[in-house]
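Below is one structure, written out as structure tokens; the observations come after it.
So you know, we letter chains A, B, ... as the sequences are listed, proteins then strands, and number each from 1.
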Amino acid sequence: MKSGLTTYICKITNIKINTGGIKMIDKAHQKTTDKQKAYWRKNVATIRNLLIIWVLVSHIAAILLAKPLSNIDFFGLNLAFWFAQQGSIVIFVGLIFYYAWRMDRLDKKYDVQEIRLTSNKKSNKGASV
Amino acid sequence: MSLEILTMILIIVTFAIYTYIGWWAKVKDTKNFYVAGNEIPAVANGAAIAADWMSAASFISMAGLISFLGYDGTIYLMGWTGGYVLLALLLAPYLRKFGRYTVPDFIGDRFYSNGARAVAAIATVFISLTYVAGQMRGVGIVFSRYLQVDIVYGVLIGMAIVAFFAVIGGMKGITWTQVVQYCVLIIAFLIPSIAIAYKLTGNPVPQLALTFSDIAKRLNTLQIDLGLKEYLKPFQNLSLLNVLCVTLALMLGTAGLPHVIIRFYTVKSVRAARWSAAWALVFIALLYTTAPALGVFAKYNLINSINEQPIEKVRQVEWVSKWESTGLLQLEDKNENGKLEFSADKAVNEVTIDRDIIVLSTPEVADLAPIVIALVAAGGLAAALSTAAGLLLAMSSAVSHDLYYRIFKPTASDLQRLKVGRIMVFLSVIVAGWFGVHPPGFAGEVVAFAFGLAAASIFPAILLGIFDNRMNREGAIAGILTGLIFTIVMILLMRSVQIFGSEKAIINSFFGINAQGIGVIGAILNFIVSFVVSRITPAPPTDIQQMVENIRIPKGIGEINT
């Protein structure tokens with residue numbers, strides 16, 4: 001039986017798999033479901049933590065707490081102003097780099113790295129940037 | 001050599017490079033046309049996204065805008081960068097895994113509805129069109145100001161160049177051209193900023209000069225002395241509520257802009273989508289952390305060299321007379337004491353500064369060689385053209401791919417669709433050019449529209465489509481329509497003066513939130529309505545639920561297929 005997922009994979013990868021192949025993929029799919037759920041939970045937790053920092057440095061430090069923090073000197077500026085016009089942006093960059101790095105490791109750990117099912121390109125290093 | 005000739009040469013050289021790349025990267029099939037065959041490396045894609053994102057307004061107007069808003073200018077700085085965090089964490093990797101061409105593609109497939117697809121396609125065209133009109137205008141202004149060409153010819157030349165490499169090269173041509181355009185625009189922005197930072201503080205790094213010297217405090221004191229608003233104190237120009245809502249609306253809107261999202265389809269893997277977003281924000285942050293520093297330096301320098309000075313002496317300064325002749329700098333000795341005086345009171349204020357002058361005049365103020373002034377002109381053009389190209393592609397793909405192929409004629413061949421795609425780019429260029437020559441009177445208002453609509457419709461729909469497996473067709477459509485209608489009605493009511501020409505705004509604000517920030521309320525309503533409606537209607541079909549499970553894991557990514 002062709003499952004929806006398999007149909008979808010076949011559709012997006014544009015490959016024809018014979019029925020035997022489909023059964024194999026189906027089994028592999030069921031086996032990895034728990035692992036994939038754990039991967040997704042870790043991913044969502046990472047996103048949640050990073051977005052908490054995102055809110056802290058922008059909406060909290062530079063807006064909601066701007067009045068009190070603007071009384072604290074930060075070199076030639078005040079702390080709230082530094083967050084509002086410099087710090088938050090630099091931290092945003094850090095957040096995205098951390099996420100990309102962390103997800104690379106999670107992908108490996110949970111064995112969900114992408115693989116190229118079609119290899120008509122020069123290489124099949126699907127995971128290379 | 002005169003400045004005009006130098007500028008002309010530099011513009012011709014950069015255009016020749018862009019055109020060559022457009023020709024070099026010419027494509028023959030739809031996949032390359034729309035998504036560059038998914039073979040763009042992450043760093044290059046990051047630079048292209050950055051060029052795509054930073055428009056003529058970011059390049060020319062933003063530093064000036066911030067220098068007039070002071071602290072509250074953070075709405076643009078955090079709003080237009082913070083959105084990338086949402087994009088990178090919540091949308092980009094999954095949309096790449098989904099692996100189609102356009103934003104309406106995802107919404108139509110995920111919510112198994114051509115109605116949703118059509119609504120998303122129309123929203124895409126509307127958002128992109130409002131944006132592209134401003135870019136064409138920017139091209140026209142650069143041409144007319146630096147080369148004394150009529151603005152109509154300026155727009156026409158810009159249209160021809162954009163059309164050439166968009167129609168011939170598709171996404172592949174656009175991407176590589178944008179990489180070069182990023183280099184041109186960032187160099188053009190950094191050189192004057194570094195020069196003026198060094199001149200005023202002795203520190204050549206603008207970001208460090210702003211943080212570690214006392215220049216910002218000196219500007220703050222200067223502004224207080226002149227009776228202007230404090231520069232370093234929050235909420236002098238906007239209320240706390242508005243700063244919060246506008247920042248959030250710009251963040252959600254950034255993450256929901258179709259021409260930005262579409263870039264993440266062009267990378268070759270889920271992993272590359274994450275890294276592309278990271279590189280894009282690095283390249284964007286380079287300009288966005290320099291701009292507030294430049295704003296402080298230029299404003300300090302401007303006030304210092306004009307205030308309390310004899311008007312005759314000021315007029316002898318070369319850059320003052322030049323910018324005064326363009327009308328961007330207005331000097332008038334109202335009390336006839338022979339000196340120029342700043343004041344917060346319009347009736348006695350003797351110096352009026354257009355915000356665009358902050359970036360445009362910096363090279364001259366900092367005594368830089370004419371080549372740098374020419375470079376700034378080329379940089380402004382690069383910013384406008386790269387953004388226009390990305391917008392044209394987003395628009396043409398929404399019409400030719402989503403409306404024509406997916407809804408009206410699913411049997412269309414690859415060749416037919418490529419042809420329709422190219423015709424659409426061509427038509428979009430003409431429409432954009434028309435708006436560039438005849439800008440609508442409410443041009444400034446449409447930007448609030450574009451971000452508000454993207455925040456209230458596209459962002460929530462995609463987010464729920466990925467993170468809420470139970471979200472169904474009924475919920476999504478009800479949510480999108482609620483968000484869209486609420487936001488459109490609110491903006492129309494608040495900006496009725498500019499849009500309908502009514503005597504005064506029908507409503508001033510929505511519980512204190514202005515038109516720029518209203519998209520946040522639209523987005524919240526969208527989330528609530530989507531959630532409630534989806535829970536009282538049947539769950540989506542199993543194959544859709546499995547598709548959602550599938551886009552959540554990188555494994556099994558394939559070639560993009562139609």
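- Taking the charged nitrogens against the carboxylate oxygens, Asp72(B) and Lys229(B) have no contact shorter than 4.0 Å, which rules out a salt bridge.
- Side-chain contact check for Tyr300(B) and Asn220(B): no donor-acceptor pair (N or O, by modelled atom type) lies under 3.5 Å.
- Between chain B and the residues Leu51(A), Ile96(A), Asp111(A), Val57(A), the most heavy-atom pairs under 4.5 angstrom are made by Ile96(A).
- The part of Thr247(B) that comes within reach of chain A is its side chain, from C-beta onward, which places non-hydrogen atoms under 4.5 angstrom from that chain.
- The aromatic ring centroids of Trp279(B) and Phe97(A) lie less than 6.0 Å from each other.
- Contact of Tyr39(A) with chain B is made through the side chain alone, with heavy-atom distances under 4.5 Å.
- The greatest number of non-hydrogen atom pairs below 4.5 Å with chain A, out of Ile75(B), Ile66(B), Asp214(B), Leu244(B), is found for Leu244(B).
- Counting only N and O atoms by type, the side chains of Tyr288(B) and Ser58(B) include a donor and acceptor under 3.5 Å apart.
- Proximity to chain A (any heavy atom under 4.5 Å) is restricted, for Leu86(B), to the side chain, taken from C-beta onward.
- Between Trp54(A) and Tyr98(A), the ring centre distance reaches or exceeds 6.0 Å.
- In this structure, the portions of Ser70(A) lying under 4.5 Å from any heavy atom of chain B include both its backbone and its side chain.
- Of the atoms belonging to Leu90(B), it is side-chain heavy atoms, and not backbone ones, that fall under 4.5 Å from chain A.
- Interface summary for chain B: among Leu50(A), Asn78(A), Asp107(A), the most heavy-atom pairs under 4.5 angstrom belong to Asp107(A).
- Relative to the six-membered ring of Tyr71(B), Lys233(B) misses at least one condition, a distance below 6.0 Å or an angle of at most 45° to the axis.
- Contact annotation for Ile544(B): neither backbone nor side-chain heavy atoms come within less than 4.5 Å of a heavy atom of chain A.
- Contact count against chain A (heavy-atom pairs under 4.5 Å) is highest for Thr211(B) among Leu77(B), Thr542(B), Thr211(B), Leu241(B).
- For Leu64(A), the parts sitting under 4.5 Å from any heavy atom of chain B are the backbone and the side chain alike.
- Residue contact with chain A, scored on non-hydrogen atoms closer than 4.5 Å, involves the side chain of Phe235(B) exclusively.
- For the set Tyr76(B), Phe212(B), Tyr84(B), the count of heavy-atom pairs under 4.5 angstrom toward chain A peaks at Phe212(B).
- Gln36(A) and Lys555(B) share no donor-acceptor pair across their side chains, judged by distance under 3.5 Å alone.
- Heavy atoms of Phe74(A) lying under 4.5 Å from chain B belong to its backbone as well as its side chain.
- Looking only at distances, a side-chain donor or acceptor of Thr74(B) sits under 3.5 Å from a matching main-chain atom of Ala84(A).
- Residues Trp40(A) and Tyr110(A) keep their aromatic ring centres 6.0 Å or farther apart.
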